[in-house]
Structure formats: structure tokens, C-alpha cells
J.: 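Questions regarding the structure given below will be posed in turn.
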Amino acid sequence: MTAMAISLSRCFLPNTFQSNGNPNQRLTRLQSAGVSEDTVDLLDTVKVFDLNGNGIPISDLWKDRKAVVAFARHFGCVFCRKRADYLASKKDVMDKAGVALVIIGPGSVEQAKTFAEQTKFEGEVYADPSHSSYEALSFVSGWTTTFTPKAGLKIIQLYMEGYRQDWRLSFEEDTVKRGGWKQGGILVAGPGKRNISYIHKDKEAGDDPDIEDILKACCS
């Protein structure tokens, strides 16, 4: 039981939103979903780092293109390894639509490199060492979003499917202090820094949205 609790603590309102229409309608809907104009401005000041250590404003990821941007709980998380596969399974559809696939994790560039090597993820991987993007987007955090019956059942299912937690990454100091309890999400944005057309905020660990909702937002 103790081992399971530790596993859940590391591996692990509905906040899914899709926007269409003119800019004024889009802004109104984004505000109602919890993404204010101030948040969009704040994202332009948030830096993420590619695998070579180059920093860019996160909104540059969708400035000149449309992108599906997934936020991992942390780079060692078993749920995030499943999310990477879950999204990559539709990468051919995204490629045909000219949509980039990106994963961001709260942690160091070295952690991001390890994640990319282990998962063989075919999209782009970025690190957010300061966790600023998670804070800007107000992703949920806390043990009550990690220790849930649904998350517990899902981690058992993932282990049966062959997915594994990377415990070394999971127990690195920064992850333990800041990344272990914070959930992620998925957004579809661009082209244009202010164009966020879909956002899903995980309400608990392992809360993946329906892939068809993501494809509808990015590729239809």
C-alpha cells in the first residue's frame, strides 16, 4: 500500500474549452474558460528551452503555425509517457494539417533530453525549468488531484500495458519540491500568439481529453 501511494504521488473544473469565431468572441470564450487576455500576455514572457538549451518565449511555439502543446506533470511521470504515445499516434493527421506536436515538461533541459531519448517521442520536447507556463495557465495542483480512485486504476492499467515510471527523474529534487503535485493540460494554439483555440486543464493525474476533440480543434 505504501509503495502504491508513493507511485501515485509521482505519477499522478472539467476544464476543456474550444473556441471558434471572430477575435472578440474568441476572447470572451477564453476569459470564461479561465484564460484571460492578461494570461495570454503573460505567456509571451514565459521562456521554455529546447533540447539544445536555447530559450524562446513559449508563445513563439505557435506564433507562425498551429500547434498542439501538451504539458506533462513531470518528465518521469508514467502518465506523461502514455500521453506522449497517445498524441503521437495521431501525428500523421497533424502533419498532414501542418500542425506541430509539442510536449513541455516542468524540469531541466537534461531531464527533457532523457524523456525524449526514453520515449522516442517524434514531436518537439521543451523544458520549463521555472514552471512559469504552468503558473501562467493556472493548472491545478495538490495531493487531492493526484490521489484519486480513477488515477489509481489508470496507473495499474498503464503498468499492465508496459509503461513504467522513471523513478530517478521522479525523485530529482526539483520534481519532488515543485513538479510532483502539479497537473498539466493540452492546448491548441496559433497561428498567431494570441490565438488559443482550445484548452484542456487536467483535473486529476492521467486526465487525457478525447483525442477526437483535439483533432477537431487542430486539424478540421
Side-chain angles (χ1 to χ4, degrees), residues 6 8-13 15 30 33-36 38-62 67-84 87 101-116 118-119 121 123-147 151 165-189 193 196 199-209:
I6 293 173
L8 285 172
S9 72
R10 299 298 168 210
C11 303
F12 312 152
L13 251 129
N15 290 336
L30 284 173
V35 182
S36 67
D38 288 341
T39 298
V40 176
D41 289 337
L42 183 58
L43 285 172
D44 199 31
T45 71
V46 170
K47 273 195 172 183
V48 293
F49 295 82
D50 67 19
L51 298 183
N52 293 316
N54 300 310
I56 62 168
I58 190 173
S59 55
D60 277 11
L61 295 175
W62 58 82
V68 173
V69 183
F71 295 82
R73 291 190 60 249
H74 58 80
F75 285 119
C77 176
V78 67
F79 288 127
C80 304
R81 287 148 198 272
K82 176 64 176 181
R83 174 164 286 181
L87 294 172
L101 177 58
V102 177
I103 281 186
I104 295 172
S108 68
V109 171
E110 289 305 314
Q111 287 175 306
K113 286 181 180 179
T114 300
F115 174 87
Q118 290 177 340
T119 62
F121 182 66
E124 301 170 22
V125 181
Y126 291 83
D128 179 0
S130 68
H131 302 211
S132 298
S133 61
Y134 292 73
E135 294 167 5
L137 289 164
S138 300
F139 287 138
V140 300
S141 182
W143 69 271
T144 57
T145 66
T146 302
F147 292 103
Q165 184 94 354
D166 185 312
W167 294 106
R168 183 182 63 80
L169 291 180
S170 302
F171 282 110
E172 287 195 8
E173 183 178 1
D174 186 62
T175 299
V176 171
K177 284 185 176 179
R178 299 196 296 173
W181 302 102
K182 189 178 292 292
Q183 310 308 324
I186 296 175
L187 63 81
V188 177
K193 289 188 173 186
I196 298 177
I199 185 164
H200 168 88
K201 297 182 180 182
D202 298 347
K203 62 182 181 292
E204 63 182 353
D207 178 29
D208 288 317

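Quick note: numbers below take in every heavy atom, side chains included, and nothing from hydrogens, waters or symmetry partners. It should be emphasised that the depicted structure is a prediction, and the values quoted were computed from it without experimental measurement.
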J.: CZ of Phe75 to CD1 of Ile104: how many Å apart, nearest 0.5 Å?
T.: 8.5 Å
J.: To the closest 0.5 Å, what do you measure between NZ (Lys47) and CD1 (Ile58)?
T.: 13.0 Å
J.: For Val68 and Val188, which heavy atoms make the closest approach, and how far apart are they?
T.: CG2-CG2, 4.1 Å
J.: For His200 versus Asp208, what's the shortest heavy-atom pair and its separation?
T.: NE2-C, 4.5 Å
J.: Is the shortest heavy-atom distance from the side chain of Asp50 to the side chain of Ile56 under 4.5 Å?
T.: no
J.: Could you tell me whether a side-chain N or O of Asn52 sits under 3.5 Å from a main-chain N or O of Asn54, the two making a donor and an acceptor?
T.: no
J.: What heavy-atom pair brings Ala67 and Trp62 nearest, and what distance separates the two atoms?
T.: CB-CB, 4.4 Å
J.: Within the 4.5 Å heavy-atom criterion, are Ile199 and Ile186 side-chain neighbours or not?
T.: no
J.: In the structure I gave you, are the side-chain heavy atoms of Thr119 and Ile103 within less than 4.5 Å of one another anywhere?
T.: no
J.: Do Arg81 and Phe121 touch side chain to side chain, with heavy atoms closer than 4.5 Å?
T.: no
J.: Would you find a donor on one side and an acceptor on the other, under 3.5 Å apart, between the side chain of Thr114 and the backbone of Glu110?
T.: yes
J.: Apply the side chain to side chain donor-acceptor pair (under 3.5 Å) test between Asp202 and each candidate in Arg73, Gln183, Arg83; give the one that qualifies.
T.: Arg83
J.: Let me confirm one number: the NZ-CG distance from Lys193 to Asp60, rounded to the nearest 0.5 Å.
T.: 4.5 Å
J.: Which pair of heavy atoms, one from Ala70 and one from Leu87, lies closest together, and at what distance?
T.: CB-CD1, 3.5 Å
J.: Ala72 and Gly105: which non-hydrogen atoms are nearest, and at how many Å?
T.: CB-CA, 4.3 Å
J.: Tell me whether the rings of Phe71 and Tyr134 are parallel (<30°), tilted (30 to 60°) or perpendicular (>60°).
T.: perpendicular
J.: Between Ser130 and Asp128, do the side chains contain an N or O donor and an N or O acceptor separated by less than 3.5 Å?
T.: yes
J.: Nearest 0.5 Å please: distance from the CG atom of Leu61 over to the CG atom of Leu187.
T.: 9.5 Å
J.: Say you draw a straight line from CG of Leu42 to CG of Leu137; how long is it, rounded to the nearest 0.5 Å?
T.: 8.5 Å
J.: Which atoms form the tightest heavy-atom contact between Leu51 and Ala116, and what is the distance?
T.: CD1-CB, 4.0 Å
